[in-house]
Amino acid sequence: MPVVRSVNIGQSKPAEWAEVGATSIEKLAVAESVTVGPEGIVTDTQTDRRHHGGEEQAVYAFAREDLDAWGSRMGVTLRDGQFAENLTTEGIDVNAALVGERWRIGTVLLEICSVRTPCNDFKNWMGVSGYDNAQWVKKFTQEARPGPYLRVLEEGQLQAGDEIVVVHRPDHDISVSTLFRALNTDRSLLPSLIGIDGLGDKPRAAAERYVATNTLQ
């Protein structure tokens, strides 16, 4: 049974290595039930609002299985929340999940709409956390298992231990990994995003620009 293993939240803290001089990337597990509003867990913060947060980056999920895979390569144990995910999942391949797929967790209804793109703050965070972050952005990108961003369709409460119930799975093959590769490593995949219900505005705009530009050539 797929479950939420950990719910993780962060507060803004000064950080000279962060692009805006502060960051909320340190997400720590909480045991209690949390309220999820239209822009995510209400007790969580996003410091750099130009790149993070908003309705299409409301909740970020990452799999415990993928944390374990990274930890095995690095020779370490990575804690839940180390990759700044709000939900550490277990028992579900979040990267094989489809854009537009909907999850019921507790009383919250979430929909996969976008993907996380690794940034320099993520690299720096891994470094200050004591891990080898050499070429971190490149390594994370090559893996193409970024975990999804989810929008909130129905607000409510969720907590660690809640089951992840897939209540809708779209009739297409655009997975989280495919979306990530289209946006970052294989732009020839961008036309396949056109017409996908539930896709976030930013990836949709990227696909439309690509199609328009290549149609004119």
Side-chain angles (χ1 to χ4, degrees), residues 18-20 23-25 38-40 46-63 65-66 69-70 83-87 89 92-103 109-126 133-153 166-217:
E19 182 177 347
V20 299
T23 181
S24 309
I25 198 170
E39 294 195 358
Q46 299 85 31
T47 303
D48 183 357
R49 295 288 294 184
R50 189 165 77 90
H51 296 106
H52 303 288
E55 293 185 357
E56 293 187 356
Q57 296 183 4
V59 176
Y60 177 45
F62 201 84
E65 293 84 352
D66 287 316
W70 279 108
F83 283 9
E85 72 273 15
N86 298 115
L87 306 179
T89 66
I92 183 172
D93 187 346
V94 299
N95 294 291
L98 302 177
V99 176
E101 186 168 307
R102 296 177 180 179
W103 299 350
L109 183 63
L110 302 172
E111 181 179 63
I112 294 172
C113 63
S114 192
V115 290
R116 187 241 195 99
T117 298
C119 62
N120 201 51
D121 279 8
F122 185 21
K123 173 187 175 181
N124 289 337
W125 165 243
M126 293 299 289
N133 66 349
Q135 296 188 309
W136 180 252
V137 171
K138 180 179 179 180
K139 292 175 182 176
F140 193 87
T141 299
Q142 288 176 334
E143 192 67 18
R145 295 185 62 82
Y149 278 127
L150 303 106
R151 62 163 63 92
V152 180
L153 298 183
V166 179
V167 297
H168 172 67
R169 189 166 170 86
D171 186 21
H172 61 70
D173 61 355
I174 305 302
S175 68
V176 169
S177 286
T178 302
L179 175 57
F180 181 85
R181 289 189 289 114
L183 294 171
N184 294 281
T185 61
D186 185 357
R187 296 181 68 80
S188 70
L189 294 171
L190 283 170
S192 66
L193 306 183
I194 301 296
I196 297 296
D197 290 339
L199 182 65
D201 288 343
K202 287 184 178 180
R204 187 181 304 279
E208 291 173 347
R209 284 194 303 270
Y210 179 88
V211 170
T213 300
N214 285 273
T215 300
L216 294 173
Q217 292 179 350

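Heads up: numbering here begins at 1 and tracks the sequence. Both backbone and side-chain heavy atoms feed into the values below; hydrogens, waters and symmetry mates do not.
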Exercise. Flag the pair Trp125 / Thr23 as yes when at least one side-chain heavy-atom distance between them is below 4.5 Å, and no otherwise.
Key: no
Exercise. For a side-chain contact (heavy atoms from CB on, under 4.5 Å) with Trp103, tell me which candidate from Leu153, Ile112, Val167 qualifies.
Key: Ile112
Practice problem: Using the test ring-ring contact (aromatic ring centres under 6.0 Å, His included), find all partners of Tyr60 that sit at least two apart in sequence or belong to another chain. | Solution: Tyr149
Quiz item: Is the CG atom of Asp186 crowded by more than 12 outside heavy atoms at less than 6.0 Å?
Solution: yes
Quiz item: Leu183 and Ala206: which non-hydrogen atoms are nearest, and at how many Å?
Solution: CD2-CB, 4.0 Å
Quiz item: What closest approach, in Å, do Asp121 and Ala18 show between heavy atoms, and which atom pair accounts for it?
Solution: OD1-CA, 3.4 Å
Quiz item: With no hydrogens and no angle check, is any side-chain donor or acceptor of Glu65 less than 3.5 Å from a backbone partner on Ala63?
Solution: no
Self-check item: Leu189 vs Ile174 side-chain heavy atoms within contact, under 4.5 Å
Solution: no
Practice problem: Determine the sole option in Pro148, Pro203, Ser175, Pro146 for which the side-chain contact (heavy atoms from CB on, under 4.5 Å) test with Phe180 is passed. | Solution: Pro146
Practice problem: Working to the nearest 0.5 Å, report the span between NE2 of His168 and CG of Asp197. | Solution: 7.5 Å
Self-check item: Test log, rule side-chain contact (heavy atoms from CB on, under 4.5 Å), inputs Asp173 and Thr178
Solution: CA-CA 8 Å; Asp173 61 355; Thr178 302; over 6 Å; no
Exercise. Mark yes or no for whether His172, through its side chain, and Val99, through its backbone, hold a donor-acceptor pair below 3.5 Å.
Key: yes
Quiz item: Is NZ or CZ of Arg116 both nearer than 6.0 Å to the six-membered ring centre of Phe62 and within 45° of the ring axis?
Solution: no
Quiz item: Any side-chain heavy atom of Leu190 sitting closer than 4.5 Å to one from Val211?
Solution: no
Quiz item: Looking only at heavy atoms, what is the nearest atom pair of Arg204 and Gly195, with distance?
Solution: NH1-N, 4.0 Å
Quiz item: Below 4.0 angstrom, N of the basic side chain to O of the carboxylate: do Arg151 and Glu111 qualify?
Solution: yes
Side chains of residues 133-144: which donor-acceptor partners sit under 3.5 Å, not counting sequence neighbours?
residue, atom, partner, partner atom, Å
Asn133, ND2, Lys123, O, 2.8
Lys139, NZ, Ala134, O, 3.2
Thr141, OG1, Val137, O, 2.7
Glu143, OE1, Arg73, NH1, 2.9
Glu143, OE1, Arg73, NH2, 3.1
Glu143, OE2, Arg73, NH2, 2.8

Quiz item: With Asp93, which residues qualify under side chain to side chain donor-acceptor pair (under 3.5 Å), at least two apart?
Solution: Arg145
Quiz prompt | Derivation of the side-chain contact (heavy atoms from CB on, under 4.5 Å) call for Glu19 and Asn120 | solution = CA-CA 8 Å; Glu19 182 177 347; Asn120 201 51; over 6 Å; no
Quiz prompt | Separation between CD of Gln57 and CD of Gln46, rounded to the nearest 0.5 Å | solution = 8.5 Å
Exercise. Applying side-chain contact (heavy atoms from CB on, under 4.5 Å), run through Val166 and Ile92 and close with a yes or a no.
Key: CA-CA 10 Å; Val166 179; Ile92 183 172; 4.2 Å; yes
Quiz item: For the residue pair Pro170 and Leu98, what are the closest heavy atoms and their distance?
Solution: O-CD1, 3.4 Å
Practice problem: Over all heavy atoms of both residues, which pair between Leu110 and Leu87 is shortest? Give the atoms and the distance, please. | Solution: CD1-CD1, 4.2 Å
Quiz item: Is there a donor-acceptor pair under 3.5 Å between the side chain of Glu56 and the backbone N or O of Cys113?
Solution: no
Quiz prompt | Asn95 to Gly147 - nearest heavy-atom pair and separation | solution = OD1-N, 2.9 Å
Quiz prompt | Spatial distance of atom OG (Ser114) from atom CG (Leu150) [nearest 0.5 Å] | solution = 10.0 Å
